[in-house]
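One structure below.
Bear in mind that the values here come from a model prediction, so they are computed numbers and not experimental data. Computed over heavy atoms, backbone and side chain alike; hydrogens, waters and symmetry mates excluded.
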Amino acid sequence: MIAAIAVAAAAPALALAPAASADTGHHSRTTLSQQSAVKSLASWTDTYLTPRTSFTMQPDGSSGNTVGGAGIPNIAVVKSTIRTYYNADAHGIANKKSSPYISQMDSILAAQTARLKSLYKQSAAHGKKPAIVFDADDTTLWTYDMEDGAMHFNFDPALQDTWVQDEKFPATPGMVKFEKAAKAAGFTIFGITGRNDDQKAATLGNLKKVGYTGFTAKHFFTKWTGVGSSQQPSYITCATAKCTTVEFKAGTRKHIESMGYDVALNLGDQFSDLQGGSADHTVKLPNPTYYLPSPDLPGMSQPRLSPRTHFIMKADGSSGKTQGGEGIPNIDSVKATIRTYYGAGANGIANKTSSPYITEMTRLTRRVTPLLSFACTVGKLLGAKPAIVLDADDTTLWTYDMEDGAMHFNFDPALQDTWVQDEKFPANPGMVAMVNAANRAGCTLIGLTGRHDDQKTATMGNLAKDGYQGFTAANYYTKWTGVGSSQQPPYITCAAAKCTTIEFKSQTRAHVESPSGGGYTILANFGDQFSDLIGGHALVPVKLPNPTYYLP
């Protein structure tokens, strides 16, 4: 897109020609040809305004330093993909009868059931008692409705304890049947969970309530609290005062084997459930809803027990039907990657001085500014009434601290309105200098945002407070509310009662180009969403990075 701005600057006769009058003869034919070429270019660029579908993401969030904003899985799309995978409804409640997740679990457990006899023989051949170890959350007990429906993918330990004590979790699909088959085959059933000792009785009660029969208090290991009699057992040795998950779980499996058992199979939904050895075989169950990393034991190398780093994810969430649980970017890793990109701390507040995001935005605006300024200057000289169109949120006004720090990546319209009316948003990095330079060079500034009419005054106040110059109420377009005088304008026609973002924005740009809208020539259209840009009526669309939400 930057290259297209260069074309606009270098070839103003094509991009910026003024409208022809009816009596100009040859000039009219030439101008019509020019206008046709400009429309053709705008139509061509639409085909490239689609989100990326291939991603590389390290589980620790470090990819936020290297891949750029477009290379980070968009968190809203990740949620949509996860919900497709679990066939969850709008309330975050998983379908308990049919989903890609249930189908994948059925396939995994059918394969493990078929090998129970051979696993038993292998363990017995060692002269030990065959055993199988199960994790709890999302291995035997299914937490999805809590993670999505109740917590909205933001872990709350107090709420988790309520769900645990109330024994609210259903069984993980297919696992009761598998556990009973393992018990019938002669295996001793063990549980090892990161839930604490205060939750042990309720966890065992929940397991029994949903149909498990092999778990006993003697063979069920929970994490110590450090209070009263709940202390670190003597068989657990840790490198520091706070034991890692792998130290706890691997050490407990080693203890089980010291009692004369052979852990033939160890099942868990986290790689940290499985690392550290002391199990003949491991089974990783799918779970993209949270990630609990833990370093492996010293000297251990288990590259197979590590998360995937390459993903295919379509923007509409449909990849949840095809990629399997490990093929969906884990939402906790996505959050960590986004926070690395914005230099954000644990409180969800972006670094305002230095970050990969600031670097990317600064590089983009510095490259665009001279080209855009030249195009604006030439357009003004030619009488083309040059203009640029700018979205608000995450184009001119930076919403990251609201999206992460205040909303925790769960949009709240009431809270958003508070931030808007209080004019709390800083400027997007590099944009004030670029926009003001374009305005000084002769471009009219057109604001075009999905914020509604009741937020227009505050939005313009926020822009002025941040240092933008040149925005006017007449050329700042907000969305109608349908109340009082705030009604759908006559130049907007929509296929349904509720207009889409593309219908609203593309037809508003068409209006801006029309005589009634000012007859401007829109040189560039800036937005952080593809829906800000699709639909033509701008010579050059410029997509700004934003992995924090997605508005199709």
(request) Ignoring hydrogens and angles, tell me if any N or O in the side chain of Asp138 forms a donor-acceptor pair with the backbone of Thr172 under 3.5 Å. (result) no
(request) Check whether the side chains of Gln323 and Tyr85 place a donor and an acceptor atom closer than 3.5 Å, and report yes or no. (result) no
(request) Check the angle between the aromatic planes of Trp419 and Phe425 and answer parallel, tilted or perpendicular using the 30° and 60° thresholds. (result) tilted
(message) Whether the side chain of Gln275 engages the backbone of Ser294 through a donor-acceptor N/O pair (distance < 3.5 Å, no angle test) should be reported.
(response) yes
(message) Are Trp142 and Glu147 packed together at the side-chain level, in the sense that at least one heavy-atom pair is separated by less than 4.5 angstrom?
(response) no
(message) Could you check whether any side-chain N or O of Thr188 sits under 3.5 Å from a backbone N or O of Ile132, counting only pairs where one atom can act as donor and the other as acceptor?
(response) no
(message) Walk me through whether Phe215 and Phe134 qualify under ring-ring contact (aromatic ring centres under 6.0 Å, His included).
(response) CA-CA 10 Å; Phe215 291 103; Phe134 296 81; 5.6 Å; yes
(request) Could you tell me whether Lys177 and Asp106 make a salt bridge, using a distance below 4.0 angstrom between a side-chain N and a carboxylate O? (result) no
(message) If you count heavy atoms of other groups shown closer than 6.0 angstrom to NZ of Lys314, is the number above 12?
(response) no
(message) Cation-pi check for Phe271 against Lys284: NZ or CZ below 6.0 Å from the six-membered ring centre and within 45 degrees of the axis, yes or no?
(response) yes
(request) Indicate yes or no: does Lys168 engage Asp145 in a salt bridge with an N to O separation below 4.0 Å. (result) no
(request) Salt-bridge test for Lys505 and Asp391: reply yes if a basic N is under 4.0 Å from a carboxylate O, no otherwise. (result) yes
(request) Going by the side-chain contact (heavy atoms from CB on, under 4.5 Å) test, name the single residue among Asp269, Ile82, Ile331, Asp332 that passes it with Pro288. (result) Ile82
(request) Consider only side-chain N and O atoms of Asn65 and Thr340, and report whether a donor and an acceptor are under 3.5 Å apart. (result) no
(request) Please determine, by modelled atom types, if Asp197 and Thr225 share a side-chain donor-acceptor pair under 3.5 angstrom. (result) no
(message) For Lys209, I'd like to know if atom NZ has over 12 heavy atoms of other residues, nucleotides or ligands within 6.0 Å.
(response) yes
(request) For the pair Tyr341 and Tyr357, name the ring-plane relationship: parallel under 30°, tilted 30 to 60°, perpendicular over 60°. (result) perpendicular
(request) Answer yes or no: does atom NZ of Lys352 have more than 12 heavy-atom neighbours from other residues, nucleotides or ligands under 6.0 Å? (result) yes
(request) Determine whether Arg304 and Thr282 make a side-chain contact, defined as any pair of heavy atoms from C-beta on separated by less than 4.5 Å. (result) yes
(message) Are there over 12 heavy-atom neighbours, none belonging to Lys321, within less than 6.0 Å of that residue's NZ?
(response) no
(request) Looking only at non-hydrogen atoms, find the nearest pair between Asn428 and Leu397 and report the distance. (result) OD1-C, 2.8 Å
(message) Main chain of Asp137, side chain of Thr143: is a donor-acceptor contact present, judged purely on distance under 3.5 Å?
(response) no
(request) Please lay out, stage by stage, how Thr203 and Val164 fare under the test side chain to side chain contact (heavy atoms under 4.5 Å, CB included). (result) CA-CA 7 Å; Thr203 301; Val164 170; 4.0 Å; yes
(request) Would you check if there is a donor-acceptor pair between the side chains of Asp262 and Ser123 at a distance under 3.5 Å? (result) yes
(request) Could you tell me whether the side chain of Thr395 and the main chain of Asp528 form a donor-acceptor pair under 3.5 Å? (result) yes
(message) Does either side chain, that of Tyr342 or that of Asp404, offer a donor lying less than 3.5 Å from an acceptor on the other one?
(response) no
(request) Return yes if some donor-acceptor pair links the side-chain N/O of Tyr235 with the main-chain N/O of Ser258 below 3.5 Å, else return no. (result) no
(message) Parallel, tilted or perpendicular, judged at 30° and 60°: which one describes the rings of Phe221 and His255?
(response) perpendicular
(request) Would you mind reporting whether Lys249 and Val133 have side-chain heavy atoms less than 4.5 Å apart? (result) no
(request) Check whether any side-chain N or O of Gln302 sits under 3.5 Å from a backbone N or O of Gly276 as a donor-acceptor pair, and report yes or no. (result) yes
(request) Using modelled atom types only, decide if a donor and an acceptor are shared between the side chain of Gln165 and the backbone of Asp198 within a distance under 3.5 Å. (result) yes
(request) Using modelled atom types only, decide if a donor and an acceptor are shared between the side chain of Glu179 and the backbone of Tyr212 within a distance under 3.5 Å. (result) no
(message) Taking the six-membered ring of Phe409 as reference, does the cationic atom of Lys335 (NZ for Lys, CZ for Arg) lie under 6.0 Å from its centre and within 45° of its axis?
(response) no
